[in-house]
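Down below is the structure, laid out as structure tokens.
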Amino acid sequence: MKRIKIKELLSSSPVGSDVTVKGWVRTKRGNKNIAFIALNDGSTINNIQVVVDIPDFDENLLKDISIGACICVKGKLVESHGQGQAVELNAKEIFLYGKADADTYPLQKKGHSMEFMREIAHLRFRTNTFGAVFRIRHAMAFAIHKYFNDKGFFYLHTPIITGSDTEGAGEMFHVTTMDLNNIPKGENKTVDYSTDFFGKETNLTVSGQLEGELGAMALGDIYTFGPTFRAENSNTPRHLAEFWMIEPEMAFYDIRDNMDLAEDFLKYLIRYALDNCKEDLEFLNSMIDKNLLERLNFVISNEFVRLSYTEAVDILTAADRKWDYPVGWGRDLQAEHERYLVEQHFKRPVILTDYPKEIKAFYMKQNDDGKTVKAMDVLFPGIGEIIGGSQREEIYEKLLARIREMKLKEQDYWWYLETRKYGTAPHSGFGLGFERLILFITGMSNIRDVIPFPRTPKNAEF
RNA sequence: UCCUCAGUAGCUCAGUCGGUUAGAGCAUCUGACUGUUAAUCAGAGGGUCGCUUGUUCGAGUCAAGCCUGGGGAGCCA
């Protein structure tokens with residue numbers, strides 16, 4: 001008999017039908033005559049209750065069916081005699097795929113801390129919380145592709161190994177095949193990369209943006225969605241050394257179009273989760289964050305506030321409170337400032353634009369005032385910066401001047417500059433941190449709990 | 001990297017002013033119970049008190065250093 005997934009079983013199998021289910025035991029309880037097994041196969045957060053007439057089965061088999069064991073059950077679907085569920089499965093045959101020694105299996109029926117779960121990341125998928133989180137993570141990845149595909153964007157695969165540093169900012173992971181115990185040195189005792197695999201210094205990408213722009217200058221609208229690496233020694237609940245980022249890049253979009261897209265995109269994703277991950281979100285709302293559903297609904301039904309950096313500084317200066325870090329035009333906004341704007345002053349997502357050029361990247365479109373650039377940061381409650389983007393500088397001379405002002409290596413950007421030399425066009429784009437989106441959607445509080453196997457300083461287990 | 005808090009049974013934690021043999025709940029094991037819902041009830045086993053050094057007659061408790069983890073900050077998505 002063909003196996004049926006529990007999600008399908010619960011939604012569409014008629015009472016009285018004979019079915020086969022396969023899954024992992026969540027709990028077993030009962031007495032010497034009858035046992036109840038809560039079985040889960042990951043297809044849904046819901047379990048099927050398997051009812052076992054103990055005299056009909058081998059005693060040793062039943063002993064081995066403990067929490068974590070994997071079994072196949074054939075039986076008849078019936079209306080439940082108990083209260084907790086509509087239907088249950090009366091077992092006729094049970095096959096044990098793999099037992100889970102109750103003495104050593106780390107998961108129990110009762111609560112575990114998130115910290116403990118991180119130590120058993122290979123098993124934490126088997127909990128309600130992580131099952132819900134990773135089903136939602138999948139749904140969001142799918143929705144991202146659907147959103148862009150429906151809008152005529154093309155998914156562009158930008159390189160993971162790069163020969164250039166996107167912004168000159170941020171530590172990168174070196175990629176090499178050199179023998180680290182015997183690194184060839186050239187003149188001045190510097191490393192001689194000419195003998196390395198690529199014949200030059202290479203790193204893992206910190207952003208696909210620059211390559212993404214090359215694609216946008218021909219395909220029109222593109223997006224990337226791939227792994228991104230930062231070797232920064234960041235130890236916070238919002239940073240990973242390896243994370244996933246979505247970077248759309250659009251020809252002929254100005255900063256306003258860019259903001260419109262970012263807001264529409266985020267609201268689409270939240271709505272997609274509400275429509276397609278209802279049960280998982282309800283579980284997270286009840287167990288992880290009591291305000292989750294309310295917050296998600298609030299965000300999709302209200303306009304994001306849009307204001308300039310200069311206006312934000314005015315608000316912060318006028319605010320009746322003390323800052324750990326001083327507020328002033330030209331200084332970068334600190335976490336406490338962003339939080340104040342989002343969580344107290346406006347109480348909704350905020351898009352900040354037109355930052356001083358000194359605190360932003362070289363490629364951002366310079367405003368006529370000579371002081372600011374067309375940058376935009378989308379700030380979310382509890383998360384901080386979830387999106388960072390800008391209109392790009394498309395005028396060759398201005399871009400080159402900025403590269404020189406910031407003392408970047410001009411020759412490293414020859415191909416980037418050529419897009420401004422040949423058929424340049426106004427264009428814009430942004431980057432969305434995928435895990436930060438998942439944090440917001442799930443209500444989880446630590447980014448290490450929304451990626452299957454987190455990479456952070458001093459941790460690359462699994 | 002900085003600040004701060006923590007590390008005691010498989011898990012979550014208590015442990016008073018430094019004092020005899022370090023406790024609880026859950027989990028595990030044994031037994032009871034004819035429909036359970038984190039099942040319930042009774043009993044049992046289970047400890048290098050993160051590591052090292054020191055102070056002391058005596059250290060889970062005090063001190064120093066280190067390791068690991070949480071929270072906050074910086075960097076950023």
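Excluded from the calculations below are hydrogen atoms, water molecules and symmetry mates; all remaining heavy atoms, backbone and side chain alike, are included. Below, read A as the first sequence line, B as the second, and so on, with proteins coming before strands; counting in each chain starts at 1. Since the structure is predicted, the reported quantities are computational estimates derived from the model, not experimental observations.
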Inset, instruction - Look at atom NZ of A:Lys267 and say whether more than 12 heavy atoms of other residues, nucleotides or ligands are closer to it than 6.0 Å. - result: yes
Legend entry - Atom CZ of A:Phe116: over 12 foreign heavy atoms under 6.0 Å: yes
Please measure how far the [atom1] atom in [N] lies from the corresponding atom in [M], and state the result in whole Å.
| N | M | atom1 | result |
| --- | --- | --- | --- |
| B:G58 | B:C17 | P | 22 Å |
| B:U30 | B:U21 | P | 33 Å |
| B:G70 | B:A27 | C1' | 24 Å |
| B:C67 | B:U28 | C1' | 30 Å |
| B:C13 | B:G7 | C1' | 12 Å |
| B:C57 | B:U20 | C1' | 15 Å |
| B:G69 | B:G50 | C1' | 11 Å |
| B:U55 | B:C62 | C1' | 8 Å |

Legend entry - Residue A:Ala335, side-chain heavy atoms: nucleotide from B:G70, B:A73, B:C76 that is nearest: B:A73
Inset, instruction - Output the single nucleotide from B:A77, B:C75, B:U1 whose closest atom is nearest the side chain of A:Asn235. - result: B:U1
Expressed as a whole number of angstroms, how long is the span from [X]:[atom1] to [N]:[atom2]?
| X | N | atom1 | atom2 | result |
| --- | --- | --- | --- | --- |
| A:Ile67 | B:A27 | CD1 | C1' | 8 Å |
| A:Gln334 | B:G74 | CD | C1' | 8 Å |
| A:Asn459 | B:C67 | CG | P | 16 Å |
| A:Asp324 | B:G74 | CG | P | 9 Å |
| A:Lys63 | B:U28 | NZ | P | 14 Å |
| A:Phe283 | B:A38 | CZ | P | 12 Å |
| A:Leu240 | B:A77 | CG | C1' | 10 Å |
| A:Phe380 | B:A77 | CZ | P | 16 Å |

Inset, instruction - Mind jotting down which residue pairs meet the salt bridge (charged side-chain N to carboxylate O under 4.0 Å, His left out) criterion with at least one end in residues 91-104 of chain A? Sequence neighbours excluded, please. - result: A:Asp18-A:Lys92
Legend entry - Listed once per pair and sorted, the salt bridge (charged side-chain N to carboxylate O under 4.0 Å, His left out) pairs that draw on residues 438-451 of chain A, sequence neighbours left out: A:Arg118-A:Asp449, A:Arg124-A:Asp449
Verify, without hydrogens or angle tests, whether [X] (side chain) and [Y] (backbone) share a donor-acceptor contact under 3.5 angstrom.
| X | Y | result |
| --- | --- | --- |
| A:Arg402 | A:Lys357 | yes |
| A:Arg436 | A:Ile387 | no |
| A:Asn40 | A:Thr44 | yes |
| A:Thr202 | A:Ile161 | no |

Inset, instruction - Write down the atom of A:Thr236, the atom of A:His239, and the distance for their closest heavy-atom approach. - result: OG1-ND1, 2.6 Å
Legend entry - Closest non-hydrogen atom pair, A:Met217 against A:Ala251: CE-CB, 4.0 Å
Legend entry - 5' priority, RNA chain B, between A:Pro237 and A:Lys109 [closest heavy atom]: A:Lys109
Inset, instruction - Map A:Ala241 and A:Arg118 onto RNA chain B by nearest heavy atom, then report which one ends up closer to the 5' terminus. - result: A:Arg118
Legend entry - Quiz item: A:Ser234 side-chain donor-acceptor pair to B:C75 base, under 3.5 Å: yes
Can you check whether [X] has a side-chain N or O nearer than 4.0 Å to OP1 or OP2 of [N]?
| X | N | answer |
| --- | --- | --- |
| A:Arg26 | B:A38 | no |
| A:Arg238 | B:A73 | yes |
| A:Arg436 | B:C76 | no |

Legend entry - Min side-chain heavy-atom separation A:Leu292-A:Leu281 under 4.5 Å: yes
Verify whether one side chain among [X] and [Y] offers a donor that lies under 3.5 Å from an acceptor in the other.
| X | Y | answer |
| --- | --- | --- |
| A:Gln334 | A:Asp324 | no |
| A:Asp264 | A:Tyr147 | yes |
| A:Ser43 | A:Glu8 | no |

Inset, instruction - Compare the ring of A:Phe434 with the six-membered ring in the base of B:A77 and state whether they stack (centres under 5.5 Å, planes under 30°). - result: no
Legend entry - 5'-to-3' dot-bracket of RNA chain B (Watson-Crick, G-U; under 3.5 angstrom; crossing pairs as [ ]; | other strand): (((((((..((((.....[...)))).(((((.......))))).....(((((..]....))))))))))))....
Inset, instruction - Pick out which of A:Phe154, A:Phe225, A:Phe153 makes a ring-ring contact (aromatic ring centres under 6.0 Å, His included) with A:His145. - result: A:Phe225
For [range], just jot down a letter per nucleotide in 5' to 3' order: B, S or -, based on protein non-hydrogen atoms under 4.0 Å.
| range | answer |
| --- | --- |
| nucleotides 45-50 of chain B | ------ |
| nucleotides 31-36 of chain B | --BBBB |
| nucleotides 4-15 of chain B | ------BSS--- |

Inset, instruction - Classify the nucleic acid contact of A:Ile386 as base, sugar-phosphate or nothing, counting any heavy atom under 4.0 Å across all strands shown. - result: sugar-phosphate
Inset, instruction - May I ask you to say what A:Thr104 touches in the nucleic acid, namely base, sugar-phosphate or nothing, with a heavy-atom cut-off under 4.0 Å? - result: nothing
Inset, instruction - Verify the ring-centre separation between A:Phe453 and A:Phe125: is it less than 6.0 angstrom? - result: yes
